[in-house]
Colleague: 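I have a structure here, written as C-alpha cells, and I will follow up with some questions on it.
All chains are named by letter (A, B, ...) in the order of the sequence lines, taking the proteins before the strands, and each is independently numbered beginning at 1.
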Protein chains: 2
Amino acid sequence: MKKQKRTTIYDIAKKLNLNASSVSRALSNNSNVSEATRQLILATAKELNYQQNSMASNLRKGQNQTIGVIVPRINQNFFADIIAGLEEVTYQKGYNLVICQSNESYLREIKCVNTLINQHVSCIAISICADFEDDSHLRNIKEHGIPLIQFDRVTDTLDTFKVLNDNEHASMEAVSHMIEQGYKRIALLEGPQNLNIFRQRKEGYLKALKKHNYPVLPELIKENAWTKELGAESTWQLLSLPEPPDAVFASTSDFSALGVLEVATKKGLKVPEELGICGYSNEPFTEITSPSITTIDQYSVSMGKTIANLFFQEIDFMDNGSHPQTVSIKPQLIIRSSTLRNKNQI
Amino acid sequence: MKKQKRTTIYDIAKKLNLNASSVSRALSNNSNVSEATRQLILATAKELNYQQNSMASNLRKGQNQTIGVIVPRINQNFFADIIAGLEEVTYQKGYNLVICQSNESYLREIKCVNTLINQHVSCIAISICADFEDDSHLRNIKEHGIPLIQFDRVTDTLDTFKVLNDNEHASMEAVSHMIEQGYKRIALLEGPQNLNIFRQRKEGYLKALKKHNYPVLPELIKENAWTKELGAESTWQLLSLPEPPDAVFASTSDFSALGVLEVATKKGLKVPEELGICGYSNEPFTEITSPSITTIDQYSVSMGKTIANLFFQEIDFMDNGSHPQTVSIKPQLIIRSSTLRNKNQI
DNA sequence: TAATTAGTTACAATCGATTGCAATTTGTGT
DNA sequence: ACACAAATTGCAATCGATTGTAACTAATTA
C-alpha cells in the first residue's frame with residue numbers, strides 16, 4: 001500500500017511562498033488573483049502534477065457533482081440505454097454518475113438509496129424494483145434535501161419529478177393496430193401489476209378493446225408472463241383453449257413475444273396469418289427474427305437525456321418552489337411482419 | 001434550493017451531552033464506547049434520521065470506497081454485462097461504482113481518467129477506446145497511487161493488472177472448427193489493429209490456417225468491418241471476387257456477422273451449405289437468427305466479477321510489493337447452425 | 001504629497017468525520 | 001479504604017479546499 005503523498009494546494013503555495021487561498025482562487029479561475037501569479041501557480045501545478053481533491057472540495061462546498069442512478073439491472077438494454085443517455089448529458093455538465101443495481105430486490109434498493117444519500121449526491125434517479133413495497137426510502141431522499149427523479153417504473157404515492165413512457169397510449173395503439181389488421185381474439189400477456197408500467201399497458205389494451213367494441217375475454221389474459229419461458233408457457237395454455245386467440249400482445253417484453261413466436265413456430269402456426277404477435281421494447285433482435293416482430297420503441301437513450309435535462313432545469317427552478325413535473329415520452333409503435341396480415345392496410 | 005441542514009454527529013453529540021468523537025466511535029462500531037451510550041447514540045441517530053456524510057469521512061480517511069470504470073460504451077452488451085458483474089461483487093464489499101464512457105474518444109477518455117483521479121477512487125478499471133493514442137493518462141493514474149486494472153482492450157506498453165480474454169485461442173478454435181467443417185476459403189473481417197483484441201483475433205486466424213496448412217489469402221482479409229453495415233459491405237466485395245470465400249469469420253462482432261448473413265440471404269446463398277458464418281461475442285440475437293450464428297462467448301459477467309475480485313485481492317497483495325498479474329479468461333466457442341455443414345462432425 | 005481607491009495576498013474559520021492522546025470515570029484487588 | 005488498572009469519554013488536530021474578511025501594496029486623484 002504505497003502511501004504516495006499527493007500534491008495539494010499547500011504544496012504549491014509553499015513552493016511559491018504564497019498562501020493556499022491564492023492557489024485555490026487561481027485554480028478555480030477566481031478573479032482575485034493577479035495574472036502573473038495565476039500563471040505561476042498554473043505552471044507549478046502542472047509541474048507537481050497536481051490534481052484537485054474533490055472530496056475536500058465537495059465537503060467544503062457541501063455538494064458533489066454526482067448523480068446517483070438506481071436501476072433493477074444495468075445490463076438490460078432498456079436501462080443500459082437510459083444510463084448511456086444520462087451519462088452523455090451529465091458528462092457535458094461535468095457531473096458524474098454513480099450506478100447501482102437493485103437486482104429487483106427491495107432490500108437492496110433501500111441499501112442503494114442509503115449509500116447515495118451518504119454520498120450527498122446532487123440528485124437520485126431511480127426506476128423501482130419489481131418487488132417494491134413502500135416508499136419510505138424514497139421519502140427519505142426528499143427529507144435529506146436531495147432532488148428525486150423517478151423514471152419508467154415509478155410509484156405514484158409520492159410527488160416527485162417523473163419521466164415516463166406513455167405506456168397506455170402505446171399499448172392502445174398497438175392493440176388498435178392489431179384490431180385493424182383483422183385480429184378478433186387478442187390475448188394479453190401481462191406483467192406484475194404492482195408496477196405502474198404494466199398496469200398502464202393493460203389499461204391501454206382494455207381501452208383499445210372498448211374503443212372498438214370488442215369484448216374483454218378474461219381467459220385470454222395471462223398474468224406474469226415476463227420472460228421468454230413464461231411467455232412460451234402462457235402461449236401453450238392459450239393455444240390449447242377451445243377457442244384460442246388469433247393474436248398475442250406480449251405487453252411485458254420482447255422476450256416474452258419471442259417465447260410466443262417460438263411456440264407458434266413449433267406448433268406450425270403461421271405468423272402473422274394465423275397468429276399475430278406484438279412485443280414491447282424494441283429489443284435489437286426483434287427486427288432479426290423471422291418474421292420480424294412488431295413492437296414498441298421506448299426511446300430509451302433520449303429518456304436518459306430527458307432525465308438529466310430535467311435535473312439541470314430543476315436546479316434553477318428550485319428557487320421559486322415550483323412543483324415537481326412529469327415528463328411523458330410517447331413511445332412509437334413499430335409495425336413489422338408479425339402483425340402485418342393485410343399489407344395494404346398499413 | 002432548500003438549505004435542508006442535515007444532522008451531523010455534532011447534532012447527536014449535543015443532544016446527548018457527549019462529544020462528537022464518541023458518536024463517531026459508536027457509529028463505526030469502535031470498541032471504545034460503553035454499550036449503554038452506544039445504544040443511546042444509535043437510537044438518537046435513528047431518531048434524527050442521521051446519515052453519514054461520506055465526503056467528510058472519505059476526506060479524513062483519505063480513501064473513498066469507490067471504483068471508477070471507464071468503458072467505450074455503456075450500452076453495449078459486452079460492457080454492460082461486465083459492469084453488472086463488477087457491481088455485483090463491489091456491492092457486496094460496500095463499494096460503489098462510478099461509470100464513465102469514453103465514447104471511443106481519446107480526449108474524452110483522458111478527461112474521464114482525470115475526473116476519477118480527482119475523486120480519489122480506490123481503483124480504476126478501464127477498457128481503452130478505439131482511437132487510443134498513448135498511455136500517459138494511464139501512467140498518471142499509477143503516479144497518483146491508484147491501482148489500475150485494464151480489461152479486454154488493453155495496452156501492453158504499461159505494466160498493470162489485466163483481465164483478458166484469450167482472443168487468439170478462441171479465434172483459432174473458431175477457424176479450426178470451420179476448417180474441420182470442410183470450408184476451404186475462409187475470409188476474415190478484422191477490426192482496428194491498434195486494439196490488441198483485434199490483433200489477437202487475427203493472429204488466431206492466421207495460426208489456425210497455418211496449423212492446417214492452409215494458405216493465407218490476402219484478398220480474403222478485410223480491414224475495418226466493425227459494424228453490421230461495414231460487415232455487409234465487405235461481404236459484397238468478397239462475394240464478387242473471382243474466387244469468393246466459402247466462409248466468413250467476422251472477428252469483430254456478431255453485428256458484423258449479421259451483416260454477412262443478410263447479404264448472403266439477399267444473394268440467395270445457403271448458410272451454412274454455401275457460406276459459413278462465425279461471429280464474435282455471443283450477442284443474444286445470434287441464437288435467434290435463421291440460421292442461428294456460430295459465435296464466441298466471452299463470459300462477460302464473470303469477467304466483471306474477476307476484475308472486482310482482482311482488486312480486492314490486490315489490496316492485500318500491495319504490502320509485499322507483488323507484480324501486477326494478468327488473468328486470462330478462456331472464451332467458449334458456441335457452435336450453431338451457421339457453420340454446421342456436417343452435422344455428424346460435431 | 002497626502003488621501004482614496006482598486007487590486008492582491010494573507011489569515012483564519014469552515015465543511016463533518018476520524019483518531020491519537022489526555023483526562024476522567026469505573027472497576028478490581030488487597 | 002486505597003492504589004492501580006481498565007474502560008470511557010473529551011480534547012484537539014487533521015484531511016484539503018473554499019471563502020469572508022482583514023491587511024497590505026500599488027495605482028489613481030485632488
Colleague: Take atom CG of L59(A) and atom P of dT19(D), then tell me their distance rounded to the nearest Å.
Modeller: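 Nearest whole value for this atom pair: 12 Å.
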Colleague: Return the value, rounded to whole Å, for the distance between atom CZ of R6(A) and atom P of dA17(D).
Modeller: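 Going from CZ in R6(A) over to P in dA17(D) covers 10 Å.
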Colleague: Hydrogens and angles aside, do N58(B) and Q119(A) bring a side-chain donor and acceptor to less than 3.5 Å of each other?
Modeller: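 Looking only at side-chain atoms, Q119(A) and N58(B) do not form any donor-acceptor pair under 3.5 Å.
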Colleague: Considering only side-chain heavy atoms of S21(A), which listed nucleotide, dA12(C), dA17(D), dC11(D), is closest?
Modeller: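 Nearest nucleotide to the side chain: dA12(C).
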Colleague: Could you tell me whether T37(A) contacts a base, only the sugar-phosphate backbone, or nothing, with contacts defined as non-hydrogen atoms closer than 4.0 Å?
Modeller: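 Sugar-phosphate, backbone atoms only, no base.
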Colleague: Which atoms form the tightest heavy-atom contact between Q150(B) and T155(B), and what is the distance?
Modeller: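 Residues Q150(B) and T155(B), closest heavy atoms: OE1-N, 2.9 Å.
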Colleague: Specify the separation, in whole Å, of atom CG of N17(A) and atom C1' of dA10(C).
Modeller: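 In whole Å, dA10(C) C1' lies 13 Å from N17(A) CG.
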Colleague: With a 4.0 Å cut-off on heavy atoms, is S57(A) in touch with a base, just the backbone sugar-phosphate, or nothing at all?
Modeller: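 The residue S57(A) makes sugar-phosphate contact but no base contact.
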Colleague: Using the ring of each side chain (for Trp, its six-membered ring), is F132(B) parallel, tilted or perpendicular to Y106(B), with breaks at 30° and 60°?
Modeller: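 Perpendicular, since the angle between the ring planes exceeds 60°.
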Colleague: Let me spell it out: for each of R60(B) and K61(A), pick the nucleotide of DNA chain D with the closest heavy atom. Which residue's pick is nearer the 5' end?
Modeller: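 Comparing both residues, the 5'-ward one is R60(B).
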Colleague: Once you apply a heavy-atom cut-off of 4.0 Å, does S34(A) come out as touching a base, just sugar-phosphate, or nothing?
Modeller: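 Sugar-phosphate contact only.
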Colleague: Hey, does N64(B) reach any base, or is it just sugar-phosphate, or nothing, if we go heavy atoms under 4.0 Å?
Modeller: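 No contact at all - N64(B) keeps every heavy atom at 4.0 Å or more from the nucleic acid.
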Colleague: Pick the nucleotide of DNA chain C nearest each of N53(B) and R25(B); which residue has the one closer to the 5' end?
Modeller: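 The residue mapped nearer the 5' terminus is N53(B).
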Colleague: Could you tell me whether L18(A) contacts a base, only the sugar-phosphate backbone, or nothing, with contacts defined as non-hydrogen atoms closer than 4.0 Å?
Modeller: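 It contacts sugar-phosphate atoms only.
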Colleague: Judged by modelled atom types alone, do S105(B) and N103(B) share a side-chain donor-acceptor pair under 3.5 Å?
Modeller: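 Absent: no donor and acceptor within the cut-off.
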Colleague: Please work out if S22(A) contacts a base, only the sugar-phosphate, or nothing of the nucleic acid, heavy-atom cut-off 4.0 Å.
Modeller: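 S22(A): backbone/sugar contact only, no base atoms under 4.0 Å.
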Colleague: Mind calculating the distance between CG (N118(A)) and C1' (dT18(C)) to the nearest angstrom?
Modeller: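 Distance check: N118(A) CG to dT18(C) C1' gives 16 Å.
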Colleague: Once you round it to whole Å, what is the distance between P of dG16(C) and CG of N58(A)?
Modeller: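 Those two atoms, CG and P, are 13 Å apart.
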Colleague: Return the value, rounded to whole Å, for the distance between atom CG of L27(A) and atom P of dT19(D).
Modeller: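 My rounded result for the distance is 13 Å.
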Colleague: Hey, can you pull the residues of residues 7-16 of chain B with a non-hydrogen atom under 4.0 angstrom from DNA chain C?
Modeller: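 Listed by number, they are T8(B), I9(B), Y10(B).
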Colleague: Under a 4.0 Å N-O cut-off, is there an ion pair linking D156(A) with K162(A)?
Modeller: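 A salt bridge links D156(A) with K162(A).
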Colleague: Please state how far atom CE in M55(B) lies from atom P in dT18(C), giving the value in whole angstrom units.
Modeller: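 Value for this atom pair: 14 Å.
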Colleague: With a 4.0 Å cut-off on N to O distance, would you call R153(B) and E109(B) a salt bridge?
Modeller: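 No.
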Colleague: Side chains of D134(B) and S136(B): is there a donor and an acceptor less than 3.5 Å apart?
Modeller: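 Yes.
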Colleague: Answer with base, sugar-phosphate or nothing: what part of the nucleic acid does V23(B) contact at a heavy-atom distance below 4.0 Å?
Modeller: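 Touches nothing.
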Colleague: Would you say N19(B) places a side-chain N or O within less than 4.0 Å of OP1 or OP2 belonging to dC11(D)?
Modeller: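 For dC11(D), OP1/OP2 do have a side-chain N/O of N19(B) under 4.0 Å.
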Colleague: Without decimals, in angstroms, what is the distance between I41(A) CD1 and dA17(D) P?
Modeller: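 Taking atom P of dA17(D) as the reference, CD1 of I41(A) is at 13 Å.
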Colleague: Starting the side chain at C-beta, find the nucleotide from dG16(D), dC11(D), dT18(C) nearest to Q52(B).
Modeller: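 Comparing dG16(D), dC11(D), dT18(C) against the side chain of Q52(B), the answer is dT18(C).
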Colleague: Classify the angle between the aromatic ring planes of F79(B) and F151(B) as parallel (below 30°), tilted (30 to 60°) or perpendicular (above 60°).
Modeller: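 Geometry flag for F151(B) against F79(B): perpendicular rings.
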Colleague: Could you tell me whether N32(B) contacts a base, only the sugar-phosphate backbone, or nothing, with contacts defined as non-hydrogen atoms closer than 4.0 Å?
Modeller: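 N32(B): base contact, heavy atoms under 4.0 Å.
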